[in-house]
2 protein chains.
Amino acid sequence: MRANKGEPGSKQPTINDVAALAGVSKKTVSRVINRSEFIAEKTRKAVQDAIETLGFVPNPQARALAFRRNFLIALLHDNPNAQTVLNFQQGVLDAIKDSDLALLVRPVDRGSDRMLEDVRIFLEKQRPIGAMLLPPISENDALAALCSELGVRYVRVGSALLDDAVHCVSSNDREVVAEAVRRLIGLGHRRIGFVRGPVGFRSAAEREEGFHTALREAGLTLAPNHFAPGNYRYAAGVEAGEALLSLAEPPTAVFCSNDEMAAGVMSVAHSKGLSVPGQLSIIGFDDSPTATHIWPALSTVRWPIREMGARAARTLVPDFLDGTAIEESPVLASTFIERQSVAAPAQP
Amino acid sequence: MRANKGEPGSKQPTINDVAALAGVSKKTVSRVINRSEFIAEKTRKAVQDAIETLGFVPNPQARALAFRRNFLIALLHDNPNAQTVLNFQQGVLDAIKDSDLALLVRPVDRGSDRMLEDVRIFLEKQRPIGAMLLPPISENDALAALCSELGVRYVRVGSALLDDAVHCVSSNDREVVAEAVRRLIGLGHRRIGFVRGPVGFRSAAEREEGFHTALREAGLTLAPNHFAPGNYRYAAGVEAGEALLSLAEPPTAVFCSNDEMAAGVMSVAHSKGLSVPGQLSIIGFDDSPTATHIWPALSTVRWPIREMGARAARTLVPDFLDGTAIEESPVLASTFIERQSVAAPAQP
DNA sequence: ACTCTAAAAGACACCGGTGTCAAAAACAAG
DNA sequence: CTTGTTTTTGACACCGGTGTCTTTTAGAGT
């Protein structure tokens with residue numbers, strides 16, 4: 001049964017109400033809430049009953065004050081890919097579900113020069129225990145430094161170690177990109193184009209390295225005009241597509257550093273009347289919703305993003321998430337997903 | 001200048017530190033923080049200086065406790081469209097930026113039968129002042145009832161009034177859908193297909209009504225086999241496409257109730273070798289990222305989602321967001337966006 | 001200078017929890 | 001039945017702010 005909380009005038013029951021009803025001191029109730037040992041089973045039961053009867057829920061603000069620490073963790077992101085953010089967030093919530101923690105989500109405007117100041121204000125005001133930084137802002141060292149300065153723990157999420165291992169959660173993107181490109185090579189592709197992510201992004205560099213690794217293994221090299229710069233946006237994919245597909249000897253396959261750019265390349269292929277995958281194979285990266293919304297469906301690399309969210313939370317605040325000890329390695333496995341945008345090259 | 005907060009052993013300065021430094025009582029400092037009147041300009045200045053010197057930031061937990069109310073608002077969502085959620089969230093943050101409010105974001109698992117119970121636990125634990133419900137869960141009356149029961153204000157966001165006007169923020173989707181369909185008719189289309197959203201969704205019904213309105217005005221009717229059910233998912237779009245485009249006399253244009261389904265229809269058109277928009281015009285709804293990532297770019301309806309977020313926040317907690325008085329009408333304007341997926345029908 | 005009033009500042013309790021340490025209860029051993 | 005130990009419980013201060021009410025100060029009027 002639940003107390004009549006809906007009625008006007010009725011208030012949230014407090015620890016005092018519980019104590020009075022159970023006939024014990026508030027400190028004893030506090031002990032029950034916090035699962036202290038040194039409590040007689042009989043007393044615990046009585047208090048537990050009183051809690052149920054009143055529908056008592058401890059006031060998190062009061063607890064935070066008394067504990068001299070709050071129970072907030074923050075998710076800082078500036079992600080062009082909304083689905084990624086939400087999936088990650090879901091993973092975090094999976095991990096903290098049975099804890100006392102709450103999650104604050106905070107978009108960060110990377111472009112703004114007030115960015116650092118804004119984040120500082122946010123962190124100073126909310127004082128979360130820890131913060132999780134999603135790529136690309138996870139690569140911002142000033143941000144990490146700010147967290148350190150303010151005594152806020154942090155975890156950086158990314159495709160490679162960006163910091164000490166204790167501060168990172170990452171995935172083996174490089175390896176999986178290599179695997180995807182090997183697949184293209186295995187199908188017979190020799191002229192493979194590459195559309196890069198933005199300069200200065202670790203993730204972009206990782207993917208590029210994976211690409212080159214696979215090429216090297218096969219004794220191939222990337223023709224300079226088969227390389228296109230990009231910035232992870234659709235428009236950059238279109239530009240890259242225009243450039244690569246207008247060549248006298250265009251690539252028969254293109255690896256794009258994310259799905260959005262792959263969609264851009266694909267639309268250029270369509271508008272030029274090239275069939276995909278018949279005349280051009282395309283691979284993307286992210287497994288964003290776009291990957292399955294375009295036609296043909298895009299072969300891509302899936303980031304274990306939800307798991308990374310859960311892992312990031314456990315890495316950030318292991319002391320609040322009892323049970324699971326932190327596994328040794330912070331690297332989770334991405335997977336290559338084959339759909340319909342890849343086939344053997346047309347016979348010359 | 002800022003205090004040496006990074007150093008180990010140094011603590012957050014409290015109101016007491018400020019009071020001591022300024023040589024006043026903590027209550028006076030409190031008055032300055034809360035912009036009380038009845039404070040001598042000289043004193044205010046002294047306190048303000050002390051605050052700056054120490055880098056003092058009031059502890060929100062302590063304030064919440066003393067005020068007997070916290071400063072949290074919650075965003076409850078279960079949205080297939082991540083971008084929508086993030087844009088809405090951004091709008092909310094725009095609105096609360098200069099206030100004391102903080103935002104909790106909480107995904108809700110609509111499918112789960114524990115959904116209501118989960119939300120109840122969340123609300124009882126966090127006790128936010130108010131909650132904003134994004135569609136489709138904004139249509140859930142049980143959820144609204146739960147908020148009322150727990151004394152949590154709420155605002156429902158949707159494409160039509162779902163509740164009292166005080167509890168709603170919506171947009172004129174019906175009208176804009178009609179406008180889009182009129183455009184098709186104006187181009188000469190007579191056989192126009194319709195792919196509906198899920199049964200029981202207000203948004204789906206609104207869009208359908210708008211569609212019929214435009215048809216009626218032009219003296220047209222929807223052939224029964226030009227209607228396809230759907231659920232806002234890509235796969236449903238594919239099914240609808242298969243059904244509509246296999247007809248002996250297929251529609252020359254299709255209005256899809258969201259972009260994802262439109263993408264599905266488009267991919268079927270591609271695979272059947274139909275050119276879009278040459279042989280088939282397609283219109284979507286949402287202006288999701290997908291709309292511009294597919295080829296040809298999709299004509300669609302843009303929801304003023306960020307503005308709605310800001311508006312929802314102001315409607316929810318006008319008393320915390322000074323300045324802007326609430327405008328009378330809670331209906332914001334959606335807009336029809338023309339891209340490349342619409343053209344005049346091929347001559348028969 | 002003196003009173004009166006309004007403005008400004010302070011004292012102290014309180015919000016709803018937890019930490020500390022002492023007191024009470026329970027139990028074992030002599 | 002005492003005494004000594006170990007569990008269990010409670011009293012009270014405190015976390016960092018705000019509300020209420022009182023006191024002090026400043027300024028106006030006579």
Side-chain angles (χ1 to χ4, degrees), chain A residues 3 5 10-48 50-51 54-72 100 102 124-127 129 320, chain B residues 3 5 10-48 50-51 54-72 100 102 124-127 129 320:
Chain A
K5 292 205 291 287
S10 77
K11 283 205 181 138
Q12 271 308 94
T14 74
I15 198 172
N16 294 303
D17 302 325
V18 175
L21 180 59
V24 299
S25 74
K26 61 196 278 199
K27 179 68 221 194
T28 299
V29 177
S30 167
R31 288 194 177 98
V32 173
I33 298 171
N34 294 289
R35 299 189 188 72
S36 153
E37 43 186 353
F38 305 131
I39 253 237
E41 187 51 41
K42 217 180 78 181
T43 318
R44 142 169 285 120
K45 183 79 174 58
V47 172
Q48 206 55 271
I51 289 177
L54 296 174
F56 166 71
V57 179
N59 177 324
Q61 276 79 29
R63 296 189 82 201
L65 188 57
F67 272 127
R68 287 162 200 73
R69 72 155 72 150
N70 60 34
F71 296 87
L72 264 24
D100 290 326
E124 284 185 334
K125 184 144 90 179
Q126 302 300 334
R127 292 262 143 211
I129 309 171
F320 290 81
Chain B
K5 294 205 289 290
S10 77
K11 283 205 182 137
Q12 269 311 94
T14 75
I15 198 172
N16 293 304
D17 302 327
V18 176
L21 181 58
V24 300
S25 75
K26 62 196 275 200
K27 179 68 222 195
T28 298
V29 177
S30 169
R31 289 195 177 97
V32 173
I33 297 171
N34 293 290
R35 299 191 189 70
S36 154
E37 42 186 353
F38 305 133
I39 256 237
E41 188 49 42
K42 216 181 76 180
T43 319
R44 142 170 284 119
K45 183 79 175 57
V47 171
Q48 208 51 274
I51 289 177
L54 296 173
F56 167 72
V57 179
N59 177 324
Q61 276 79 30
R63 296 189 84 201
L65 187 58
F67 272 126
R68 289 162 199 72
R69 75 154 71 143
N70 59 35
F71 297 87
L72 265 24
D100 288 328
E124 284 186 333
K125 184 144 90 180
Q126 301 300 334
R127 293 262 142 209
I129 308 170
F320 290 82

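Labels below follow one simple rule: chain letters A, B, ... track the order of the sequence lines, proteins then strands, and each chain is numbered from 1.
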All N/O pairs under 3.5 Å across the protein-nucleotides 17-20 of chain D interface:
unit_1, atom_1, unit_2, atom_2, d
D:dG17, OP1, B:Asn59, N, 3.2
D:dG17, OP2, B:Ile15, N, 2.6
D:dG17, N7, B:Lys26, NZ, 2.8
D:dG17, O6, B:Lys26, NZ, 3.1
D:dT18, OP1, B:Asn34, OD1, 3.4
D:dT18, OP1, B:Asn34, ND2, 2.6
D:dT18, OP1, B:Arg63, NE, 3.3
D:dT18, OP2, B:Ser30, OG, 2.3
D:dG19, N7, B:Lys27, NZ, 2.9

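Looking at A:Asn59, its side chain does come within 3.5 Å of a backbone N or O of A:Gln61 through a donor-acceptor pair. Judged by distance alone, with hydrogens and angles left aside, the side-chain atoms of A:Arg68 form a donor-acceptor pair with the main-chain N or O of A:Ala66 at under 3.5 Å. One N or O on the side chain of A:Asn70 and one on the backbone of A:Gln126 form a donor-acceptor pair closer than 3.5 Å.
Contact between the side-chain N/O atoms of A:Thr28 and the OP1/OP2 oxygens of D:dG10 is found at a separation under 4.0 Å.
Atoms CZ and CD1, from A:Phe56 and A:Ile15 in turn, are 5.0 Å apart once rounded to the nearest 0.5 Å.
In this structure, the CZ atom of B:Arg127 is 17 Å from the P atom of C:dC15, given to the nearest Å. The CZ-C1' distance, from A:Phe38 to C:dA24, rounds to 16 Å in whole Å. When rounded to the nearest whole Å, the span between CD of A:Glu41 and P of D:dT9 equals 10 Å.
A search for salt bridge (Lys or Arg N to Asp or Glu O under 4.0 Å) contacts involving B:Arg31 returns nothing, not counting sequence neighbours.
B:Val29 places none of its side-chain heavy atoms less than 4.5 Å from the side chain of B:Gln48.
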